[in-house]
Amino acid sequence: MSLLRAFIAIELSTKVCDSIHKQTTRLRQTLGNDFIRWVPTQNLHLTLKFLGDTASSHLDFLKQMLVREADLHPQFDMQFGGLGAFPNSRNPRLLWIGIHAPAELASLQRGIEAGVLRLGYKPEEHVFSPHLTIGRVRQTARLTDLQKIRAALGTIQFGNIVIDRVDSVHLFKSDLQAGGSIYTKLFSAPLTKP
């Protein structure tokens with residue numbers, strides 16, 4: 001049985017990716033690449049459900065579930081802005097940009113979560129917290145590196161970047177390469193027009 005690493009996500013428009021790239025330039029220059037692995041602009045997305053290793057025989061079931069869920073949810077707008085870290089700014093492990101979205105986003109994510117649970121996938125361990133991951137702090141980061149990140153998060157502020165229309169959800173596969181992950185869109189399901 002062949003397995004692929006899969007996830008369900010919202011793809012961002014080129015306009016949003018370009019805007020985020022411009023807004024994060026100062027942060028990336030300030031912190032550098034030594035202790036942070038930055039997410040390439042073309043890989044930015046909003047994960048709704050990480051599936052992990054997925055049998056290729058499950059793809060048709062996942063596609064059917066996505067079509068059913070997408071049909072139940074109208075298109076909506078998201079706004080991006082704000083900068084933060086998980087688990088917190090005192091111990092940053094992941095750098096993110098915030099997402100402001102209507103209740104439709106949470107409803108869509110809950111529907112997808114319920115749909116994949118029925119297909120036998122494990123439930124999410126954390127409460128859904130919409131964000132865009134822009135960088136991951138390397139395990140080798142020293143205390144001084146973490147202090148530098150904390151200082152940058154305290155001084156570099158992002159306003160609201162841009163608004164993007166969400167009109168579909170996508171099933172992606174992720175291929176882990178030495179230079180980073182390569183994402184390939186396998187399927188798209190359009191949301192209903194308002």
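- For the pair His58/Leu119, no side-chain contact is recorded, criterion being any heavy-atom separation below 4.5 Å from C-beta on.
- Proximity of Ile36 to Ile149: side-chain heavy atoms (C-beta onward) are separated by under 4.5 Å at one or more points.
- Side chain of Glu113 to main chain of Glu124: a donor-acceptor pair is present (N/O by atom type, distance under 3.5 Å, no hydrogens or angles).
- Val166 and Ile20 fall within the same hydrophobic cluster, where Ile, Leu, Val, Met, Phe, Trp and Tyr residues are linked whenever their side-chain heavy atoms come under 4.5 Å apart, directly or through other members.
- Note: Ile99 CD1 to Leu12 CG = 7.0 Å, rounded to the nearest 0.5 Å.
- Residues Leu146 and Ala141 share a closest heavy-atom pair of CD2-CB, 4.3 Å.
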Could you walk me through whether Thr30 and Thr155 pass side-chain contact (heavy atoms from CB on, under 4.5 Å), step by step?
CA-CA 11 Å; Thr30 300; Thr155 57; over 6 Å; no
Using the side-chain contact (heavy atoms from CB on, under 4.5 Å) rule, take Asp145 and Asp34 through it: C-alpha gap first, then chi angles, then the decisive distance, then the call.
CA-CA 9 Å; Asp145 300 329; Asp34 292 342; over 6 Å; no
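- Using a 4.5 Å cut-off between side-chain heavy atoms of Ile, Leu, Val, Met, Phe, Trp and Tyr, with links allowed through other members, Phe61 and Leu117 fall into different hydrophobic clusters.
- Side-chain N/O atoms of Ser129 and His131 include no donor and acceptor closer than 3.5 Å.
- Residue Phe128 holds its CZ atom at 5.0 Å from CG of Leu46, rounded to the nearest 0.5 Å.
- Contact annotation: the side chain of Ile97 never approaches that of Leu44 to less than 4.5 Å [non-hydrogen atoms, C-beta and beyond].
- Atom CG of Leu48 and atom NE2 of His170 lie 9.5 Å apart (nearest 0.5 Å).
- Residues Leu27 and Trp38 meet the side-chain proximity criterion, which asks for heavy atoms closer than 4.5 Å.
- With Arg150 contributing its side chain and Arg90 its backbone, the two residues share a donor-acceptor pair below 3.5 Å.
- Taking every heavy atom of both residues into account, Ala101 and Met78 meet most closely at CB-CG, 3.8 Å.
- Here CG of Asp71 is found 10.5 Å from CG of Leu66. Values are rounded to the nearest 0.5 Å.
- Only one option out of Leu186, Leu51, Ile182 pairs with Lys173 in a side-chain contact (heavy atoms from CB on, under 4.5 Å); it is Leu186.
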Carefully, step by step, assess Val169 and Glu69 under the rule side-chain contact (heavy atoms from CB on, under 4.5 Å).
CA-CA 9 Å; Val169 291; Glu69 281 306 317; over 6 Å; no
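- Among all heavy-atom pairs drawn from His45 and Ala9, the shortest one is CD2-CB, 3.7 Å.
- Here Thr133 contributes atom OG1 and Asn43 contributes atom CG; the two are 11.5 Å apart, rounded to the nearest 0.5 Å.
- In the hydrophobic clustering of ILVMFWY residues, with side-chain heavy atoms under 4.5 Å counting as a link, Val137 and Leu94 come out apart.
- With hydrogens and angles disregarded, no donor-acceptor distance shorter than 3.5 Å links the side chain of Ser107 to the backbone of Leu105.
- In this structure, the side chain of Arg28 engages the main chain of His21 through a donor-acceptor pair within 3.5 Å.
- Both Leu191 and Val67 are part of a single hydrophobic cluster, where members link through side-chain heavy atoms under 4.5 Å apart.
- Looking only at distances, a side-chain donor or acceptor of Asp164 sits under 3.5 Å from a matching main-chain atom of Ser13.
- To the nearest 0.5 angstrom, Ile163 atom CD1 is 8.0 Å from Lys15 atom NZ.
- Following chains of ILVMFWY side-chain contacts shorter than 4.5 Å, one cannot reach Phe86 starting from Leu95, and the two form parts of different hydrophobic clusters.
- At a threshold of 4.5 Å between non-hydrogen side-chain atoms, the residues Asp77 and His100 do not count as touching.
- Between Leu132 and Val39 there is no side-chain heavy-atom pair separated by less than 4.5 Å.
- Proximity of Leu83 to Ile134: side-chain heavy atoms (C-beta onward) are separated by under 4.5 Å at one or more points.
- The shortest heavy-atom contact between Phe7 and Ser174 is CE2-CB, 4.0 Å.
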Please lay out, stage by stage, how Phe50 and Arg5 fare under the test side-chain contact (heavy atoms from CB on, under 4.5 Å).
CA-CA 9 Å; Phe50 178 73; Arg5 191 174 159 88; 3.7 Å; yes
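- In plain terms, the two heavy atoms of Pro190 and Ser168 that are nearest each other are CA-CB, 3.8 Å.
- Contact check for Tyr121 versus Thr54: side-chain heavy atoms found under the 4.5 Å cut-off.
- Shortest non-hydrogen contact noted between Arg138 and Arg93 is O-NH1, 3.5 Å.
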